[in-house]
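Numbers here are sequence positions counted from 1. Atom set for the values below is all heavy atoms of this structure, side chains included, hydrogens, waters and symmetry mates excluded.
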Amino acid sequence: ERTVSKVYTEKEFAWKDKKWIADRKVNEDDFKVFAWEESKEKDAVVIAAATYLIIVITLDTGAPLLYAMLYMLDLLSLDDLKDLRKLGSITPGHPEISTPGIDMATGPLGQGIASSVGMAIAERYLNATVNNKLINHYTYVLCGDGDLMEGVSYEALSLASKLHLNKLIILYDYNNITLDGKLSDSNEEDVVTRFKALNFNVLIVNDGENILEIDKAITKAKQSTMPS
């Protein structure tokens, strides 16, 4: 049980506790300190931090990408990466919360998108009620065809549109392939038209391996008043 004794601005805090940052191997530019809490039970001082962004990966086959990111953050070791999909490892085929750096895991396809909408709503609420300068992050989602075939995803995205959650940015990996074969074998839906019907801000990057073009699209998405 803790009480907030004082709220510091980033300038006031001045990053004087460098050791706290170094111990966690996190770049100080990646997060903002927004509160300094003093424990009622101990004399210890706890620093609470808010991240600039939230990343939701709903591509279950994209686990290696996620684990590579966690390795770069020193949350996983090289041996952990080599244990990918092995029984009892902390790098299973589908990420679980037992893996360091994983804050949430869902079950069925589509739930990741629905959860990301909830996260974007939380950002909007905290931005309006707590501090609009410190709680001001984006929620990014990497999703595939399987997610968008699920009804729950569109129900949630319809709500995101209604609430104008413009800090929700979804990157849809349209590669026309599924685990079972070509996407056209099971689905011929016009996803672009469907998202336009949802009043989403739709941007198309023809070369999905061109990082600069993806970056430009994300920059444009940040200028929109609607989710992208």
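- A heavy-atom distance below 4.5 Å is not found between the side chains of Ile97 and Asp103.
- Linking Ile, Leu, Val, Met, Phe, Trp and Tyr residues whenever their side-chain heavy atoms come within less than 4.5 Å leaves Val191 and Val152 in two separate clusters.
- In this structure, CG in Leu183 is found 4.5 Å from CG in Asp145, a value given to the nearest 0.5 Å.
- Between Phe195 and Leu148, some side-chain heavy-atom pair lies under the 4.5 Å cut-off.
- No path of Ile, Leu, Val, Met, Phe, Trp and Tyr side chains, each step under 4.5 Å between heavy atoms, connects Leu203 with Tyr140, placing them in separate hydrophobic clusters.
- Considering every non-hydrogen atom in both Gly93 and Pro95, the closest pair reads O-CD, 3.9 Å.
- In Leu78, the CG atom is crowded: over 12 heavy atoms of neighbouring residues, nucleotides or ligands sit closer than 6.0 Å.
- Counting only distance, with no hydrogens or angles, the side chain of Ser153 and the backbone of Glu150 share a donor-acceptor pair below 3.5 Å.
- With hydrogens and angles ignored, the 3.5 Å screen pairs a side-chain donor or acceptor of Asp80 with a backbone N or O of Ser77.
- For the pair Ser161 and Phe200, the tightest heavy-atom approach, listed with the atom from each and the gap, is CB-CE1, 4.1 Å.
- Using a 4.5 Å cut-off between side-chain heavy atoms of Ile, Leu, Val, Met, Phe, Trp and Tyr, with links allowed through other members, Ile204 and Leu157 fall into the same hydrophobic cluster.
- Residue Leu142 forms a side chain to side chain contact (heavy atoms under 4.5 Å, CB included) with just one option from Leu66, Asp173, Ile57, and that option is Ile57.
- The line from CD1 of Ile90 to CG of Leu76 is 5.0 Å long, rounded to the nearest 0.5 Å.
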Which is it for Thr91 and Leu70 under the side-chain contact (heavy atoms from CB on, under 4.5 Å) test, yes or no, and what are the steps along the way? CA-CA 10 Å; Thr91 48; Leu70 295 177; over 6 Å; no
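- Heavy atoms only, all atoms of each residue included: Pro92 and Ala63 are closest at O-CB, 4.3 Å.
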One pair to check against side-chain contact (heavy atoms from CB on, under 4.5 Å): Thr129 and Arg124. What are the steps and the verdict? CA-CA 9 Å; Thr129 60; Arg124 173 70 61 81; over 6 Å; no
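- In this structure, the side chain of Ser158 does not engage the main chain of Tyr154 through any donor-acceptor pair within 3.5 Å.
- Rounding to the nearest 0.5 Å places OG of Ser89 at 10.5 Å from CG of Leu81.
- Here the CG-CD distance, from Asn206 to Glu213, works out to 8.5 Å after rounding to the nearest 0.5 Å.
- Side chains of Tyr172 and Asp147: no donor on one and acceptor on the other come within 3.5 Å.
- For the pair Asp185 and Lys182, the salt-bridge criterion is not met [side-chain N within less than 4.0 Å of a carboxylate O].
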Chi angles and distances behind the side-chain contact (heavy atoms from CB on, under 4.5 Å) call for Val141, Leu171: CA-CA 6 Å; Val141 184; Leu171 287 81; over 6 Å; no
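- Here the closest non-hydrogen pair linking Asn176 and Ser184 is OD1-N, 3.8 Å.
- Residues passing the salt bridge (charged side-chain N to carboxylate O under 4.0 Å, His left out) test with Glu155: none are found, sequence neighbours excluded.
- Note: Arg85 CZ to Tyr67 OH = 8.5 Å, rounded to the nearest 0.5 Å.
- Panel note: side chain Ser228, backbone Ile169; no donor-acceptor pair is recorded below 3.5 Å.
- Under the 4.5 Å side-chain heavy-atom criterion for ILVMFWY residues, a single connected hydrophobic cluster contains both Ile214 and Met69.
- Atom CD in Glu96 sits 9.0 Å away from atom NE2 in His94 (nearest 0.5 Å).
- For Asn201 (side chain) and Met226 (main-chain N/O), no donor-acceptor pair under 3.5 Å exists by modelled atom type.
- Heavy atoms only, all atoms of each residue included: Gly101 and Leu75 are closest at CA-CD1, 3.9 Å.
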N/O donor-acceptor pairs under 3.5 Å from side chains in residues 105-123, not counting sequence neighbours:
residue, atom, partner, partner atom, Å
Ser115, OG, Gln111, O, 2.8
Ser116, OG, Ile113, O, 2.6
Glu123, OE2, Lys167, NZ, 3.3

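- A continuous path of hydrophobic side-chain contacts links Leu84 to Leu73 [ILVMFWY only; heavy atoms under 4.5 Å].
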